[in-house]
Number of protein chains: 2
Amino acid sequence: MLRGDITVAIRNAVMKELAEVGYGRLSIEAVARRAGVGKTAIYRRWSNKLEMVMEIISDVAERKVPLPDTGSFSGDLSLLLMIVSTALQHRVASQIIPDLMAEAARNPQIAETLQRALRTHQQAVGEKLIGQAVARGELPAGTDPEVAVDLILGPLYWRLAVARQPIEEDYLEKFTVAVTAALRATG
Amino acid sequence: MLRGDITVAIRNAVMKELAEVGYGRLSIEAVARRAGVGKTAIYRRWSNKLEMVMEIISDVAERKVPLPDTGSFSGDLSLLLMIVSTALQHRVASQIIPDLMAEAARNPQIAETLQRALRTHQQAVGEKLIGQAVARGELPAGTDPEVAVDLILGPLYWRLAVARQPIEEDYLEKFTVAVTAALRATG
DNA sequence: AAACGGCGGAACGCAACCGTTACGTCGTAG
DNA sequence: CTACGACGTAACGGTTGCGTTCCGCCGTTT
């Protein structure tokens, strides 16, 4: 019964508004204005700002990234780094993600949603990546996927989403070498 | 002329309020309420929410961390990791920093203040840490301090401030080994 | 003793947004 | 052709916060 095009307009407006003003300052009225839609259309779909944002965000976040399997660990790793760094360089993502992460620190419901949406999926990627490498004999058997994920995503996230420094040409390459060495050392 | 104890009360209130509701939702009136102070006392000191927060934050952020020099790279590194992880585990810091980082993505003035307060200082620590290690022959001469800082702070920040996972007993130890190996490999 | 000035408190007009309601329009299903 | 229901618009009363102003209190300076 609810018109699909209106829903889409609202979803887009929420994403843009989130990127521009953040969750804390996001208002239903601004979303409605931006979407060219009445407030009623929004309240007909969700009862809350929180509920609305959570539904929209988890929808977006659950679009799964294909797990790489290029045949070698360094290949898998560079591909993963490329995918993640590209994603983190998109303006909307790099604004929304840190904002919601910060918000999650004070709102348990947001925290839970993000954990489910990101952590679970990310964990799967890490386990597959490391598992493949261990199976191929490229990493020692005791390699901890959790540590690995920290070592891989941490610096990228730090550089792109926090420090907001550009990634230079050979950075990912250097980084791949460094991470590989690091993981071999922890086994 | 301005009473010092009042100023202190306001500063504390701002920090607590920042941690609880974030910059976006921070209001002068709430700060005044929390500090047990009239709004006039605040406006007598700063003219804006932005100006107020920036002054208070950069004041706090500029308290310099002593640069470690334990005699060996792994010693320096574990000490640094300990200091940073302890800092990031404080409730107020782990709430305020990601929040302001996210805010910085949309407010150039906040971005500039944070860059000056954090990046500059952090860069100095990185350069000293790596410089010492290179001088001692523990790391290859070409080691890039910028990459090193990413490799060291990134995973810690990710784990503590973003993913909000606890640090287990031997994590920092493992991590020290991993980072050392990584940095040797990039030279 | 008197003047000064920072203080808290209270109120100002203004703006934004909340969540809800009433109304009139319009496309579609029956 | 009619009835339904989602739509936009507009308004509601209530809340919150802005930045400013005026007041009376009180400690310090002179």
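Quantities reported herein were computed from a predicted structural model and do not represent experimental measurements. Letters go in sequence order (proteins before strands), and every chain restarts at 1.
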Under 3.5 Å donor-acceptor, A/Asp144 side chain and A/Glu146 backbone: yes
Charged tip of A/Arg159 within 45° of A/Tyr171 ring normal and under 6.0 Å: yes
We want to know whether B/Arg45 and B/Thr7 form a side-chain donor-acceptor pair, criterion being a heavy-atom distance below 3.5 angstrom. yes
Ion pair A/Asp5/A/Arg11, N-O distance below 4.0 Å: no
Whole Å only: how far is the CD atom of B/Glu17 from the P atom of D/dT16? 14 Å
A correct 5'-to-3' footprint of nucleotides 6-24 of chain C, with B, S and - meaning base, sugar-phosphate only and no protein heavy atom under 4.0 Å, is SBBB-------BBBBBB--
A/Asp5 has an atom CG; how far is it from atom C1' of C/dT28, in whole Å? 14 Å
Are B/Val84 and B/Ile167 linked, directly or through intermediate hydrophobic residues, by side-chain heavy-atom contacts shorter than 4.5 Å (ILVMFWY only)? yes
Send over the distance from A/Ile42 CD1 to D/dT9 C1', rounded to a whole Å. 14 Å
Taking atom types as modelled and ignoring hydrogens, do the side chains of A/Tyr23 and A/Asn107 form a donor-acceptor contact shorter than 3.5 angstrom? no
Lys/Arg N to Asp/Glu carboxylate O, B/Arg34 vs B/Glu20, below 4.0 Å: yes
Contact list please: residues 102-111 of chain B against DNA chain C, heavy atoms, distance less than 4.0 Å, in numerical order. none
Geometric class of the B/Tyr157/A/Trp158 ring pair [parallel <30°, tilted 30-60°, perpendicular >60°]: perpendicular
